[in-house]
There are 2 protein chains.
Amino acid sequence: MNIGTASQRSGVPAKTIRYYESIGLVRSADRRANNYRDYSDRDVETLRFVARARKLGFSVKQCSVLLALWHDRGRASHDVKAVALSHVEEIDQRIAELESMRRLLVDLTARCQGDSRPDCPILDDLAGSRVTHSQRSAAGESGSIPPCHAVAGARSASRSSARSAPSRGGGRSLRRAVSRSS
Amino acid sequence: MNIGTASQRSGVPAKTIRYYESIGLVRSADRRANNYRDYSDRDVETLRFVARARKLGFSVKQCSVLLALWHDRGRASHDVKAVALSHVEEIDQRIAELESMRRLLVDLTARCQGDSRPDCPILDDLAGSRVTHSQRSAAGESGSIPPCHAVAGARSASRSSARSAPSRGGGRSLRRAVSRSS
DNA sequence: ATTGACCTTCCCAATACTGGAAGCTCTACC
DNA sequence: GGTAGAGCTTCCAGTATTGGGAAGGTCAAT
């Protein structure tokens with residue numbers, strides 16, 4: 001079947017299918033005489049697998065690992081579970097960060113009159129004129145600005161000092177997107 | 001002061017300061033005779049403002065709006081509050097998405113033995129062999145694959161149908177990053 | 001004079017796609 | 001047979017927000 005059909009059946013946009021092929025997440029599709037990609041039902045199943053994993057928030061890299069495990073008939077469910085659990089940890093961290101932000105924002109907005117006058121605790125806080133409220137110090141006044149998605153969400157439980165999730169370093173296992181140096 | 005000093009005092013990396021300048025988030029710094037950027041204490045305050053706003057999860061675009069309001073002595077606190085509240089809504093959506101994923105993942109991992117055998121409910125679920133568990137349908141089987149950060153997290157409260165936060169369409173107000181066509 | 005720290009610009013990497021242009025192929029219709 | 005329109009191909013660029021690094025100019029101290 002053509003890429004358009006595979007797209008419809010898998011729910012993955014044709015462009016994205018090509019992208020997945022280019023980065024090596026899915027194998028290169030067979031080509032027909034006219035150079036059109038040719039997909040089998042198995043290919044569609046693979047795409048659906050990826051689509052579901054992505055919906056669960058797995059990164060493309062993690063999808064690649066999961067796909068390999070899926071295709072490996074001799075896998076140990078332990079390995080799959082490990083990937084999933086590590087992903088849950090990442091999600092927990094992100095949730096903790098977001099909830100920390102949320103708490104602060106809600107606090108600030110609650111104290112903002114929201115009228116036509118210019119006085120605003122939100123701006124005051126952002127400007128650093130610290131009024132007496134404890135939250136600001138809880139937001140991690142750590143001095144340096146971590147890159148947003150890595151904001152020190154530390155305070156999830158009690159600051160446990162040892163940051164467990166690696167997630168940062170790590171060689172990219174997926175083939176790089178087509179380089180024009182070939 | 002030089003960019004390095006401004007960076008230390010504001011907590012914003014020098015590279016990021018240059019980036020903020022390039023996109024027009026902060027005004028172009030004065031230059032000294034040697035072409036070095038020259039920052040004032042006011043500039044540092046602005047950078048700290050941005051840093052705090054970023055820590056609260058505001059996008060650079062939102063930071064730009066907040067900065068403008070901050071500098072506008074005649075602003076209405078209502079306008080500031082609106083930005084903040086809309087941001088809280090976004091955060092709520094993202095939390096809801098993450099929690100929805102989390103629920104599913106935790107359910108799946110709980111049912112996975114995690115031993116050396118290959119049987120794995122996680123892979124089964126991803127493969128689409130749907131065993132009887134209700135959650136799958138809760139993940140939004142919406143047919144098409146939205147781009148991850150825009151996953152239909154709808155169910156934040158009770159689906160209120162009218163999505164208030166714009167954030168999506170909308171001309172980018174910030175000057176584009178330096179184009180080499182100049 | 002030289003060293004080392006700092007500054008400049010420019011390009012590339014990462015994430016996970018999405019959009020569009022230019023051009024080829026297929027199908028249907030007249 | 002010709003043509004229109006849909007679908008396919010590749011390649012380039014853009015999204016948001018930095019971080020890394022190269023090549024080269026500047027400054028302060030030795």
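Proteins get letters first, then strands, A, B, ... in listed order; numbering begins at 1 in each.
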TODO: Give a yes or no on whether His78(A) atom NE2 has more than 12 heavy-atom contacts from other residues, nucleotides or ligands under 6.0 Å away.
DONE: no
Open item on the list: Heavy-atom count check: over 12 atoms from other residues, nucleotides or ligands less than 6.0 Å from Arg31(A) CZ?
Closed with: yes
Task: Val83(A) reachable from Leu98(B) in the ILVMFWY side-chain graph, under 4.5 Å edges - done: yes
- [ ] Carefully, step by step, assess Asp43(B) and Met1(B) under the rule side chain to side chain contact (heavy atoms under 4.5 Å, CB included).
- [x] CA-CA 10 Å; Asp43(B) 293 330; Met1(B) 76 191 82; over 6 Å; no
Integer-rounded Å distance: [N] [atom2] and [X] [atom1]:
X	N	atom1	atom2	answer
Tyr39(A)	dG7(D)	OH	P	16 Å
Ile3(A)	dT10(D)	CD1	C1'	12 Å
Glu21(B)	dT8(C)	CD	C1'	12 Å
Phe58(B)	dT17(D)	CZ	P	13 Å
Gln62(B)	dT17(D)	CD	C1'	14 Å
Ile17(B)	dC7(C)	CD1	P	9 Å
Leu47(A)	dC17(C)	CG	P	12 Å
Ile23(A)	dA13(C)	CD1	P	15 Å

- [ ] Please work out the stems of DNA chain C from pairs that are Watson-Crick or G-U wobble with both distances under 3.5 Å, keeping only runs of three or more consecutive pairs.
- [x] C:1-30 with D:1-30
Open item on the list: Taking the nucleotide of DNA chain C with the nearest heavy atom to each, does Asp38(B) or Ser59(A) sit closer to the 5' end?
Closed with: Asp38(B)
Open item on the list: Taking the basic N atoms (NZ, or NE/NH1/NH2) and the acidic carboxylate oxygens, is any pair closer than 4.0 Å for Arg111(A) and Asp107(A)?
Closed with: yes
Among the nucleotides [options], which one has an atom lying closest to any side-chain atom of [X]?
X	options	result
Lys15(A)	dT18(C), dG20(D), dT9(D)	dT18(C)
Val60(A)	dT9(C), dA16(C), dT18(D)	dA16(C)
Arg31(B)	dT18(D), dT8(C), dT10(D)	dT8(C)
Asn2(B)	dT10(D), dT8(C), dC6(C)	dC6(C)
Arg37(B)	dT18(D), dG21(D), dT8(C)	dT8(C)

TODO: Go through the structure and list residues passing side-chain hydrogen bond (donor to acceptor under 3.5 Å, both in side chains) with Ser7(B), not counting sequence neighbours.
DONE: none
Students often get this wrong, so: under 4.0 angstrom with heavy atoms, is [X] touching a base, only sugar-phosphate, or nothing?
X	result
Arg32(B)	nothing
Tyr20(B)	sugar-phosphate
Arg18(B)	base

Open item on the list: Any heavy-atom pair between the side chains of Ile91(A) and His87(A) that's under 4.5 Å?
Closed with: yes
TODO: Answer yes or no: is there a side-chain heavy-atom contact under 4.5 Å between Glu90(A) and Ser59(A)?
DONE: no
Could you list all N or O pairs between the protein and nucleotides 24-28 of chain C that sit under 3.5 Å apart?
{"residue": "dT25(C)", "atom": "O4'", "partner": "Tyr36(A)", "partner atom": "OH", "Å": "3.4"}
{"residue": "dC26(C)", "atom": "OP1", "partner": "Asn34(A)", "partner atom": "ND2", "Å": "3.0"}

Task: Atom pair OG/CZ of Ser64(A) and Phe58(A) - distance to nearest 0.5 Å - done: 13.0 Å
Task: Reported CG-to-CD distance for the pair Asp119(A) and Gln113(A), which is rounded to 0.5 angstrom - done: 8.5 Å
